[in-house]
Amino acid sequence: MSKKILVTGGLGFIGSHTVVALQEKGYEVVIIDNLSNSSLEVLGGITKITRISPEFENLDLRDKQAVNHFFDKYPNIEGVIHFAASKAVGESVQNPLLYYENNLNTLVYLLQQLKEREAPKFIFSSSCTVYGQADELPITESAPVKKAESPYGNTKQIGEEIISDTCKVVPHLKAISLRYFNPIGAHPSANIGELPIGTPQNLVPFITQTAAGKRDELSVFGNDYPTPDGTCIRDYIHVMDLARAHVVALERLLDDEQTGNYEVFNLGTGKGNSVLEAIKAFEKVSGQKLPYSFVDRREGDIIVAYADTTKANDVLKWKAEYTIEDAMESAWKWQQKLEEKNNSEE
Ligand SMILES: NC(=O)c1ccc[n+]([C@@H]2O[C@H](COP(=O)([O-])OP(=O)(O)OC[C@H]3O[C@@H](n4cnc5c(N)ncnc54)[C@H](O)[C@@H]3O)[C@@H](O)[C@H]2O)c1
């Protein structure tokens, strides 16, 4: 019988791609999402790709009673992948309590339920933001966690501590934190992708929206950083690679292959690309010139971050396969599909 996996935030950007990857590997998926940053249409996109409609519970994980009822209703969940969170750094500075409530209370409620179960498996969405500006590159998992630059970043650090502390006293709980670098791209079918609400906070949706004519030009924050072309460097990882990594990590837990009951892995490509290189990659695959201009540095931006992926490569036997061009191509295809849809609705 196929195993049942709960994916919280499963209608979001990374969650939806992971649901597809899980279903394609034969897992039965139940999604919890409160649609605060996603839409029900994503369910249709997932179903179109996999021909399987996942079970869906429209539930707010901040509602402890509702979380408890969920686990009564689904007693046979074998693993949980926890994506649901608020993720806008700027918003977290303006509204820290929303972030501490949404990103930490929800985690606590899930772990409280899981610790009562027989063999709970838990995967947590963490971020390279925990490293801040690392002293050494590429960044390994043993690089020190730096003081968080924002309440959002702090929720990832505290989230990891909550899991680690819980694992120490709940030995039957098996957990993995995955520290993502910079997820970009979309499913190659363009049936699911990233749906930023309002002005995108991340580079790639801003690029594709600019190319689609929704924005006049892209602002590149700073061109005087100590990098070869003066712009910031990031490790852009295709969301398809990221989704597959979640299945691999889950199977490590389900197959009892862990050393210790709490592990942490970086998920990146191991390669850094500057903002200008990312723009060039987009221009190459889209055949479009992107209008952009340089503006002042943005406060709090890390200059360079890219992953040492040795641990994920060796231990998880996972390696990113897609290139930045693949990711840009899929993101562009997704943007064009969104535009077609918007135009047909007007
Ligand atoms: N996208 C990135 O650049 C990035 C980088 C590092 C880490 N992460 C982490 O990965 C996870 C997923 O990110 P994403 O980009 O897919 O974000 P997303 O906003 O697209 O997806 C999150 C989903 O969770 C849902 N959600 C939020 N709060 C909820 C609640 N209280 N109850 C139920 N559902 C709730 C939202 O509606 C949304 O569908 C987040 O934890 C995020 O912090 C993302």
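Everything quoted here is computed from the prediction, not taken from an experiment. Throughout, numbering of the chain's residues begins at 1 and tracks the sequence.
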Side-chain heavy atoms under 4.5 angstrom apart, residues restricted to Ile, Leu, Val, Met, Phe, Trp, Tyr: same cluster for Phe124 and Val67?
-> yes
Please determine which of Lys121, Arg179, Arg252 meets the salt bridge (Lys or Arg N to Asp or Glu O under 4.0 Å) test together with Glu263.
-> Arg252
Can you tell me how far the OG atom of Ser142 sits from the CG atom of Asp308, to the nearest 0.5 Å?
-> 8.5 Å
Interatomic distance, Lys115 atom NZ to Leu173 atom CG [nearest 0.5 angstrom] = 10.5 Å
Listed partners of Asn37 passing side chain to side chain donor-acceptor pair (under 3.5 Å), at least two apart | none
Residue of the set Phe206, Trp332, Tyr292, Tyr236 for which ring-ring contact (aromatic ring centres under 6.0 Å, His included) holds with Phe282 | Trp332
Could you check Asp301 against Arg234 for side-chain contact (heavy atoms from CB on, under 4.5 Å), going step by step and ending with a plain yes or no?
-> CA-CA 11 Å; Asp301 265 346; Arg234 295 285 179 275; 4.3 Å; yes
Distance, nearest 0.5 Å, that separates OG of Ser219 from CZ of Arg298 | 10.0 Å
Evaluate whether atom CD of Gln288 has more than 12 neighbouring non-hydrogen atoms of other residues, nucleotides or ligands under 6.0 angstrom away.
-> yes
Over 60° means perpendicular and under 30° means parallel, so classify the ring planes of His238 and Tyr322, tilted if in between.
-> tilted
Kindly compute the distance separating CG (Leu250) from CG (Leu178), expressed to the nearest 0.5 Å.
-> 10.5 Å
Can Glu91 and Tyr152 be counted as having a side-chain donor-acceptor contact under 3.5 angstrom?
-> no
Assess the side chains of Ser177 and Glu160: does a donor N or O sit below 3.5 Å from an acceptor N or O?
-> no
Run the ring-centre check on His246 versus Tyr180 and record whether the distance is less than 6.0 Å.
-> yes
Taking the six-membered ring of Tyr27, is NZ or CZ of Lys3 closer than 6.0 Å to its centre and within 45° of its axis?
-> no
Which atoms form the tightest heavy-atom contact between Pro54 and Thr47, and what is the distance?
-> CD-OG1, 4.1 Å
Under the side-chain hydrogen bond (donor to acceptor under 3.5 Å, both in side chains) criterion, do Asn182 and Tyr306 qualify, and how do the steps go?
-> CA-CA 9 Å; Asn182 292 78; Tyr306 54 93; over 6 Å; no
Would you please say whether a donor-acceptor pair under 3.5 Å links the side chains of Tyr262 and Asp165?
-> no
Point-to-point distance, once rounded to the nearest 0.5 Å, from NZ of Lys25 to CD1 of Ile5 | 12.0 Å
Short side-chain donor-acceptor distance under 3.5 Å, Lys156 and Asn103 = no
Taking atom types as modelled and ignoring hydrogens, do the side chains of Asn223 and Thr231 form a donor-acceptor contact shorter than 3.5 angstrom?
-> no
Looking just at side-chain N and O atoms, do Lys87 and Gln201 make a donor-acceptor pair shorter than 3.5 Å?
-> no
Contact check, side chains of Tyr100 and Asn105, non-hydrogen atoms, under 4.5 Å = no
Does a donor on one side chain sit under 3.5 Å from an acceptor on the other, for Gln157 and Glu161?
-> no
Do the charged groups of Lys4 and Glu28 touch, with an N to O distance under 4.0 Å?
-> yes
Given the rule in the side-chain contact (heavy atoms from CB on, under 4.5 Å) test, do Asp241 and Val239 qualify, once you have shown the distances and angles that lead to the verdict?
-> CA-CA 5 Å; Asp241 278 325; Val239 67; over 6 Å; no
Step by step, work out the salt bridge (Lys or Arg N to Asp or Glu O under 4.0 Å) result for Lys146 and Asp135.
-> CA-CA 10 Å; Lys146 294 268 179 80; Asp135 301 323; 3.1 Å; yes
How about Asp314 and Thr310: does a side-chain donor come under 3.5 Å of a side-chain acceptor?
-> no
To the nearest 0.5 Å, how far apart are CZ in Phe13 and CG in Leu242?
-> 8.0 Å
Is the NZ or CZ atom of Arg297 positioned over Tyr225's six-membered ring, under 6.0 angstrom from the centre and within 45° of the axis?
-> yes
